[in-house]
Amino acid sequence: MLKTETYTLNMGPQHPSTHGVLQVVLELDGERVVQATPRMGYLHRGIEKLAESRTYAQFIPYTDRLDYVSSMGNNLGYCQTVEKLMGIAVPERAEYLRIIMTELNRIASHLICMGSLAIDLGASTGMMFGFRDRERILDLFDMACGARQTYSYIRFGGVSEDIPPEFIPALKQLLAEFPDLLAEKHGLLTGNEILYHRLKNNAIITGEQALAIGLTGPALRASGIDYDLRKAQPYGFYDRLDFAVPLGKTGDSWDRYLVRMEEMQQSANMIGQALEQMPEGPVLAKLPKVLKPPVGEIYHSIENPRGELGYYIVSDGSTKPYRLHVRRPSFINLQALSETCQGLLLADVVAVLATLDSLMGEVDC
């Protein structure tokens, strides 16, 4: 019998399929993965430490730079944490605007995930379709706050300003066309035999494994675990909305892809309901110019596109946080890479990375 020796291959940090500055050290036996070790830290900016030298309001723009593909959710999670600590009430119209913006951002984020998965596996058309439709959402954000990626739109006590008159007609047109846009992507990708065989039964994560690792978001729900913070611990007005939580059956890469595709349709439905229910009125509560939360500590989390995004804040009664920690779903979910890649082929690692959908700005913080 011939004996083979394993060898080490460095995948990244510059490789396009690592979605940024992630290095994966692969131990290979031929084309078969023996061990996959993620190495992070190439994008570390010390954002948590910076919070200690910034006032509570000054830190809002820093949250945009965490998961910069879904910045609205980062703003929301942080602002709700401070509001919870201070007991700030948010006007109803502002709560609905927050839902509309964060669900639009969820769709935009999943479009990036879908497009990245497609181009990682060699289908450049999928990437172009995803970015084309995401542009329409970014146009809406531009109308609302004048920014296309880092928004700082959600503020303590509401949002920075009300939406302009042209926003709602443009949004309604997008919602009317969205089922066809989604069907187009299903036709291009879901019905693609090559994509199906690359993802089906690839990198299976059972429900027990997902819970043990601490997975959240679509990666957890693809393993059949029905846990969504918008249902389990409703925040804002999510308890007023009727929506389903898409679940997978086997926890493979195919399920992780399908769950996100279905989540986009659910988000569009929620946005439509929020538009119908949204009343007139103020969009920002009256607050003191200088915020000094009481002494204490607080943890609050929301359902971001990649999972549970949580903020833990320790207040000493001053204008700045004494300590701030962010529970980043991308960082936690990346733990699944090592366990799920063992025994796969080298080409399969690319699919696993794409369907876990970790974003390195959030991983390194």
Side-chain angles (χ1 to χ4, degrees), residues 15-20 67 69-70 103-141 148-149 170-205 217-219 221-223 243-272 305-306 344-359:
H15 195 285
S17 68
T18 57
H19 294 205
D67 179 355
V69 178
S70 53
E103 292 305 323
L104 278 172
N105 218 169
R106 191 183 311 277
I107 295 172
S109 176
H110 285 349
L111 286 172
I112 289 287
C113 176
M114 178 272 294
S116 299
L117 170 64
I119 201 168
D120 285 353
L121 300 183
S124 57
T125 307
M127 185 68 159
M128 289 188 283
F129 278 25
F131 269 78
R132 179 200 64 187
D133 297 336
R134 175 176 175 262
E135 279 297 304
R136 297 182 62 178
I137 296 175
L138 298 191
D139 288 342
L140 290 169
F141 291 156
R148 299 176 66 82
Q149 184 165 359
L171 176 55
K172 286 183 175 179
Q173 183 178 357
L174 174 62
L175 293 178
E177 298 173 7
F178 192 75
D180 290 337
L181 296 176
L182 200 58
E184 180 184 53
K185 289 163 192 58
H186 276 301
L188 177 70
L189 298 173
T190 311
N192 187 291
E193 187 177 358
I194 298 174
L195 186 78
Y196 176 81
H197 286 290
R198 287 291 303 274
L199 300 182
K200 188 62 180 175
N201 295 322
N202 168 274
I204 294 174
I205 305 173
R221 294 188 285 274
S223 298
F243 64 99
V245 178
L247 299 176
K249 296 179 180 179
T250 60
D252 57 6
S253 293
W254 183 248
D255 277 348
R256 288 190 286 275
Y257 158 75
L258 285 180
V259 162
R260 289 185 176 91
M261 292 291 278
E262 178 57 30
E263 280 192 2
M264 286 194 281
Q265 182 59 61
Q266 293 298 324
S267 291
N269 295 342
M270 281 186 266
I271 294 167
R306 284 157 189 81
L344 299 182
L345 294 173
L346 173 60
D348 293 331
V349 178
V350 177
V352 178
L353 277 169
T355 57
L356 286 176
D357 194 27
S358 287
L359 194 134

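In this chain, numbering begins with 1 at the start of the sequence shown.
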*Rounded distance (nearest 0.5 Å) linking atom CG of L111 with atom NZ of K185*: 6.0 Å

*R198 side chain to A347 main-chain N or O, any donor-acceptor pair under 3.5 Å?*
yes

*Which distance, rounded to the nearest 0.5 Å, do you find between the CE of M264 and the CD of E103?*
12.5 Å

*Hey, are the side chains of L117 and L189 touching, using non-hydrogen atoms and a 4.5 Å cut-off?*
no

*To the nearest 0.5 Å, what is the distance between CG (L121) and CG (L195)?*
6.0 Å

*asked:* Is there a side-chain contact between I137 and D133 in this structure, where contact means two heavy atoms from C-beta onward sitting under 4.5 Å apart?
replied: no

*Do the side chains of D120 and L353 get nearer than 4.5 Å, heavy atoms only?*
no

*Using a strict 4.0 Å threshold on nitrogen-to-oxygen distance, state whether R221 and E262 make a salt bridge.*
no

_Distance-only polar pair, side chains of Y196 and T190, donor-acceptor under 3.5 Å_ = no

*asked:* So which atom in S267 and which in I107 form the shortest heavy-atom distance, rounded to 0.1 Å?
replied: CB-CG1, 3.7 Å

*List the atom of A203, the atom of V352, and the distance in Å for their closest heavy-atom pair.*
CB-CG2, 3.4 Å

_CA sep, side-chain torsions, deciding dist, call: W254, N201, side chain to side chain contact (heavy atoms under 4.5 Å, CB included)_ = CA-CA 7 Å; W254 183 248; N201 295 322; over 6 Å; no

*For the residue pair P179 and L182, establish whether any side-chain heavy-atom pair is separated by less than 4.5 Å.*
no

*Does a side-chain N-to-carboxylate-O contact under 4.0 Å join E263 and R260?*
no

*Does H110 reach the side chain of M261, with side-chain heavy atoms less than 4.5 Å apart?*
no

_Taking D139 first and then R148, would you say they form a salt bridge - that is, a charged N and a carboxylate O separated by under 4.0 Å?_
yes

_Using the side-chain hydrogen bond (donor to acceptor under 3.5 Å, both in side chains) criterion, which residues pair with D252? Sequence neighbours excluded._
T250

*Determine, step by step, whether F131 and I112 satisfy the side chain to side chain contact (heavy atoms under 4.5 Å, CB included) criterion, reporting the C-alpha distance in whole Å, the side-chain angles of both residues, the deciding distance to 0.1 Å, and the verdict.*
CA-CA 7 Å; F131 269 78; I112 289 287; 3.3 Å; yes

*Taking atom CD1 of I194 as the centre, does the number of heavy atoms from other residues, nucleotides or ligands within less than 6.0 Å exceed 12?*
no

*If you measure from CG on L140 to CD on Q173, what distance do you get to the nearest 0.5 Å?*
10.0 Å

_Side-chain donor/acceptor of R306 to backbone N/O of D357, under 3.5 Å_ = yes

*Output yes when a side-chain donor or acceptor of S109 lies under 3.5 Å from a complementary backbone atom of P305, and no otherwise.*
no

*asked:* Would you say that L247 contacts V245 through its side chain, given a criterion of any heavy-atom pair below 4.5 Å between the two side chains?
replied: yes

*asked:* I'd like to know whether M127 forms a side chain to side chain contact (heavy atoms under 4.5 Å, CB included) with S116, so could you lay out the CA-CA distance, the side-chain angles of the two residues, the decisive distance to 0.1 Å, and finally the verdict.
replied: CA-CA 6 Å; M127 185 68 159; S116 299; 4.2 Å; yes

_Side chains of R256 and S253: any donor to acceptor distance under 3.5 Å?_
yes

*Distance in Å, D348 CG paired with N202 CG, rounded so as to fall on 0.5 Å steps*: 4.5 Å

*Flag, side chain of Q266 to backbone of A244, donor-acceptor distance under 3.5 Å*: yes

*Whether over 12 other heavy atoms sit under 6.0 Å from K172 NZ*: no

*L174 side chain reached by I271 side chain, heavy atoms, under 4.5 Å*: no

*Taking atom CZ of R136 and atom CZ of F141, what is their separation to the nearest 0.5 Å?*
13.5 Å

